[in-house]
Amino acid sequence: MNLLIFEYASALGINDPTLASEGKAMLRGLTCDLECLPASYLISKNIDSIEGSQCKPVVIEGSIGDWISDNISQYDYCLPIAPEEDFILCGLTRTIEKNGVKVVGSDSDAVRICSDKYLTYRILQGKVPLIPTKRVTWEDIGSYSRGISGEKVVKPSDGVSCSAVQIVDSEKTFLDATRKVREVSSLPYFLVQDYMEGVSASVSLLSNGKTAIPLSLNKQNISTENGTISYKGGKVPMAHPLEKEAKKVAKNAVESISGLKGYVGVDMILGADEVYLVEINSRITTPYVALRNMLNFNLGEAIVQSVHGKLPQKFTLEREIEIQKDGNRLRLNVIS
């Protein structure tokens, strides 16, 4: 198996701490988990290579899309991590597929659905509990803004992480929020959702394209400042009265979208007595960096095996780990 791993921010040389810390941590974990394979990884000339890894660094500069188009056919498999915004992950996945290379992850059609939250909601309607959501076009902003009452959440339909996700409660805050969304979104519409009280959480799963296995329920530490929402880390795993229901909802959601494979993350809100799905991430997410240190099997290898149809039959989680995001660093603290 000739495998290429790439993480978008590290390969492109992005030094934005809001992206680089999580991306570099995921890349470091994968290169350690998969060093038993003949694996290589892309790294920008402006970013230091991964210390201690036996995987081969491939130093690049310029456009990652051009590099993938010109060179990916040298490999048998490719494990990509990239943002959903602007359909970056979808486009790169399609390029990999068109070159006859096996994707260690979800196929491009599944990535396309999960990259647009509105498409995700439409497919999952009636299958899992969803937050009441409206799609608003840019042309309808004026008329819609006059009807704002109570707290709402405004977000790009193609956003990543908490980018431009804001809580609004008036016409003014709504219009301010839409300007921020427009700066990051490539779609002709955005989403307005009811604000749901509850605990922010995620479920990490492995999927073979037909069956999904929940690995853990994770806490997300979300802060809100002047209506702007941001991710500050979390804890893996999280104990909660709705844990069983949360894992059931995540499993049903992943199995309802054809082509979701490998590691998948499902974000949700745990309310007083119900679980609400927020979005599906068709790629490796930040809890991976903690989970790989807690499971009684090699998580990186299991991701590769899952796209070949094999899922772990039994597993255990050892210890609890807190993830702290501090500027350009991601810290793991063992709790127990």
Side-chain angles (χ1 to χ4, degrees), residues 18-19 83-91 109-202 220 222-232 249-250 253 256-257 265-282:
T18 60
L19 297 173
E84 291 88 352
E85 62 184 351
D86 291 331
F87 300 94
I88 293 171
L89 178 58
C90 180
D109 289 340
V111 174
R112 173 67 178 84
I113 291 169
C114 294
S115 297
D116 184 344
K117 298 175 182 62
Y118 183 69
L119 289 181
T120 306
Y121 295 147
R122 284 183 59 188
I123 287 176
L124 296 180
Q125 204 88 42
K127 298 177 181 176
V128 298
L130 301 170
I131 299 172
T133 301
K134 291 186 178 180
R135 183 180 69 163
V136 181
T137 65
W138 300 115
E139 292 78 12
D140 293 335
I141 287 177
S143 59
Y144 190 89
S145 65
R146 291 187 287 274
I148 293 291
S149 63
E151 289 188 317
K152 302 288 184 182
V153 175
V154 173
K155 63 170 64 173
S157 192
D158 58 341
V160 61
S161 187
C162 295
S163 176
V165 179
Q166 298 144 96
I167 300 173
V168 305
D169 59 4
S170 66
E171 180 177 358
K172 181 183 183 304
T173 56
F174 174 79
L175 293 175
D176 289 343
T178 61
R179 283 190 282 270
K180 293 179 182 178
V181 169
R182 202 160 197 167
E183 291 175 359
V184 301
S185 179
S186 61
L187 291 173
Y189 51 83
F190 59 96
L191 303 182
V192 179
Q193 297 181 316
D194 289 355
Y195 176 76
M196 308 299 293
E197 291 282 355
V199 177
S200 295
S202 70
Q220 294 181 333
I222 303 295
S223 70
T224 304
E225 186 173 348
N226 297 323
T228 299
I229 299 173
S230 58
Y231 172 75
K232 297 296 184 181
V249 168
S256 295
I257 298 178
V266 178
D267 292 345
M268 52 184 56
I269 299 292
L270 308 182
D273 53 14
E274 191 167 6
V275 173
Y276 299 95
L277 184 137
V278 176
E279 66 183 42
I280 299 177
N281 297 296
S282 55

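Since this is a predicted model, take the numbers as computed values, not measurements.
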At their closest point, which heavy atom of [X] faces which heavy atom of [Y], and how far apart are they?
X: K117; Y: G159; result: NZ-O, 2.8 Å
X: V181; Y: A164; result: CG2-O, 3.6 Å
X: I131; Y: D194; result: CG2-O, 3.4 Å

Open item on the list: Please evaluate residues V111 and F87 with respect to the criterion side-chain contact (heavy atoms from CB on, under 4.5 Å), reporting the C-alpha separation (whole Å), side-chain torsions for both, the decisive distance (0.1 Å), and the verdict.
Closed with: CA-CA 8 Å; V111 174; F87 300 94; over 6 Å; no

Does either side chain, that of [X] or that of [Y], offer a donor lying less than 3.5 Å from an acceptor on the other one?
X: D158; Y: S185; value: yes
X: Q193; Y: K152; value: no
X: D140; Y: T137; value: yes
X: S157; Y: D116; value: yes

Within the 4.5 Å heavy-atom criterion, are [X] and [Y] side-chain neighbours or not?
X: I113; Y: I123; answer: yes
X: V199; Y: Q220; answer: no
X: P156; Y: F190; answer: no
X: V168; Y: E151; answer: no
X: N281; Y: V266; answer: no
X: L191; Y: K155; answer: yes
X: V249; Y: P129; answer: yes
X: Y276; Y: L130; answer: no

Between atom [atom1] of [X] and atom [atom2] of [Y], what is the distance when rounded to the nearest 0.5 Å?
X: C90; Y: D109; atom1: SG; atom2: CG; value: 7.5 Å
X: L187; Y: S115; atom1: CG; atom2: OG; value: 9.5 Å
X: D267; Y: S202; atom1: CG; atom2: OG; value: 5.5 Å
X: T120; Y: E84; atom1: OG1; atom2: CD; value: 9.5 Å
X: I269; Y: L277; atom1: CD1; atom2: CG; value: 10.0 Å
X: I148; Y: S170; atom1: CD1; atom2: OG; value: 8.5 Å

Is the side chain of [X] donor-acceptor paired with the backbone N or O of [Y] at a distance under 3.5 Å, no angle test?
X: W138; Y: R182; value: no
X: T178; Y: D176; value: no
X: Y121; Y: V278; value: yes
X: E85; Y: P83; value: no

TODO: Quick one: sort the Y118 and Y189 rings into parallel, tilted or perpendicular, breaks at 30° and 60°.
DONE: perpendicular

